[in-house]
Amino acid sequence: MSGCPYSAPSFPIARQCPFVPPEEYRAFQQQPGPARIRMWDGTHAWLFTRYDDVRAVLGDNRFSGNPGVPGFPSLSAARNAVLDLEPAFIRMDPPEHGHFRRMLTKEFMIKRVEAMRPRIEAIFGRLLDELVRRGPPANLVEDLFLPFTSEVIAGILDVPREDHGFFQEQSRLKVLLDADPAIPKAASERMLSYLDTLITAREKDAQDRDDLLSRLIVEQVRPGNLSHRELVVMAELLLMAGHETTANQMALGVYSFLTNPDQLALLRADPSLLRGAVEEMLRFHTIVHYNAFRVALEDVEVSGHTIRKGEGVVALISGANHDETAFENPERFDITRKAGHHVAFSYGNHQCLGQPLARLELQTVFGSLFERIPTLRFAIAQEAIEGKGDHFVQGLQTLPVTW
Ligand code: HEM
């Protein structure tokens, strides 16, 4: 921790290797308490990277996740432009947050999601068949994972197939961090406008339909618990959070298996390792690597350090998931480890609502991809595969493969 504000490291800190968190996190983890960091706009915040500290911050409602509260740390101008738009419940604090989240909990419960397994496996099976029929080479991000995750979430919301390309592109633009702020802002506005039109039409015949948006219209909008506009904002969150993240995680999972053939051999020899392998890839990559920005609503002590009211805090789940006090030899991709206590879906009241669905989709992919295409390999040199360094969600630009 530095006493002089001018010597505080700038955040975000660049990764030395695109697929593991910056080495500096490890140095921060050696000291108790947070590190002082300087944000792009010259303000300062407290950075937590230790597993216990990250959970302590994320589990404490005295820290607000509302970017409108003075002192909330700013990641970039492009990110601010997105956060300035109408907030979805992901940016709200209790009790408002719970009011909206509760409308969705039953929809994403494990049991409900498990009932979708046959349909989800059938979608992936069909897309994989088509890929194999077209033959190599392929870009797995565009040719398989984005179509798969988009079809799943769009099916739940009943968003027309011809619009999948549109919402994939808006999601890609919305998570850019270094772009002209007008770009993510316009992308989000286009999505909201699109969903406004879709939901306006859906309001007419919702009682005759059986998709998630129709159920929300009948059960929440009509009785007056949710406004039309609030549903539009909620739908944007679901559609975007529901496909981009999971597709990125799949691409990075394939990358990890192809660069760790011993782990792939283990999985192929013993399919009962599948669930653990999915937890390990979630831990290892922690794709939502900049999510947990908070501001203290009152003085709060964490790990012997008092965060003053109005001070910003960054609690990095990517750091926590690579903390050696919680995961032995954290830089090793090891599908046999017990990784279930990772915080890749965050922790506390904003913990990912879609995690049962994300897990099911990942299990579907890694339960069949390498069996169906056993000779799958990179179509370009491994070093030429680029991580999405400047995105809010970590992933791969493209994943060119052959077989
Ligand atoms: C591998 C895939 C996924 C990962 C790693 C992931 C990760 C996360 C993380 C870290 C958060 C907390 C964000 C924050 O605090 O700012 C979150 C929240 C959320 N995620 Fe996911 N997610 C994934 C897939 C999904 C899917 C498939 C859905 C489907 C609907 C979804 C819906 C949501 C929602 C609605 C929230 C907000 C929860 C709240 O604030 O109460 N996510 N996710």
Side-chain angles (χ1 to χ4, degrees), residues 54-55 57-59 61 63-67 72-73 75 79 82-83 87-109 112-113 116 120 145-146 148-157 159 167 171 175 212-213 216 233-253 278-294 313-321 342-366 391-395:
V54 167
R55 289 192 1 153
V57 170
L58 298 181
N61 289 338
F63 290 107
S64 167
N66 174 355
F72 190 87
L75 183 55
R79 185 76 191 146
V82 169
L83 295 179
F89 64 90
I90 194 168
R91 305 281 155 243
M92 293 176 186
D93 293 332
E96 211 188 356
H97 165 261
H99 168 74
F100 293 106
R101 182 169 167 130
R102 274 193 298 277
M103 294 178 186
L104 292 168
T105 36
K106 75 171 191 306
E107 299 283 347
F108 292 96
M109 270 164 35
R112 187 86 171 245
V113 169
M116 298 181 210
I120 289 177
F145 297 147
L146 277 173
F148 173 47
T149 59
S150 300
E151 195 168 331
V152 171
I153 192 70
I156 292 171
L157 301 171
V159 168
F167 72 70
S171 305
V175 293
L212 173 52
L213 292 179
L216 286 169
V233 173
M234 186 185 270
E236 191 216 15
L237 170 64
L238 293 174
L239 196 52
M240 288 190 159
H243 78 281
E244 162 93 13
T245 44
T246 321
N248 281 314
Q249 182 65 68
M250 288 164 187
L252 286 169
V278 164
E279 298 311 312
E280 174 64 350
M281 69 179 71
L282 286 161
R283 177 200 75 83
F284 188 85
H285 293 291
T286 315
I287 55 168
V288 190
H289 56 150
Y290 294 139
N291 72 310
F293 282 38
R294 298 287 187 267
V313 166
V314 176
L316 283 183
I317 55 175
S318 50
N321 280 342
H342 68 73
V343 285
F345 288 120
S346 193
Y347 185 76
N349 55 12
H350 287 289
Q351 197 173 132
C352 179
L353 177 80
Q355 55 186 292
L357 181 61
R359 285 193 164 102
L360 172 49
E361 290 180 50
L362 288 162
Q363 288 162 10
T364 300
V365 168
F366 291 96
H391 286 50
F392 186 70
V393 179
Q394 199 39 243

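Numbering of ligands and ligand atoms starts at 1, following listing order. Fair warning: this is a prediction, and the values are worked out from it, not measured in the lab.
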Sub-4.0 Å heavy-atom approach of Ala344 to ligand 1
yes
Assess Met92 for proximity to ligand 1: is some non-hydrogen atom of it under 4.0 Å away?
no
Geometry only, no angles: is Thr246 polar-contacting ligand 1 at N/O separations under 3.5 Å?
no
Specify side chain, backbone, both or neither for Val288, according to which of its non-hydrogen atoms lie closer than 4.0 Å to ligand 1.
side chain
Polar-atom distance check: His97 versus ligand 1, any N or O pair below 3.5 Å?
yes
Between Tyr347 and Arg55, is there a cation-pi geometry (under 6.0 Å to ring centre, at most 45° from the normal)?
yes
Those atoms of ligand 1 less than 4.0 Å from some heavy atom in Ile317:
10 (C)
Whether Asn349 lies under 4.0 Å from ligand 1, heavy atom
yes
Which of the atoms in ligand 1, numbered in the order shown and given with their element, are less than 4.0 Å from a heavy-atom of Ile287?
5 (C)
Indicate yes or no: does an N/O atom of Asn291 lie under 3.5 Å from an N/O atom of ligand 1?
yes
Which ligand 1 atoms does Phe108 reach within 4.0 Å, using its non-hydrogen atoms?
30 (C)
Could you check whether any side-chain N or O of His350 sits under 3.5 Å from a backbone N or O of Met92, counting only pairs where one atom can act as donor and the other as acceptor?
yes
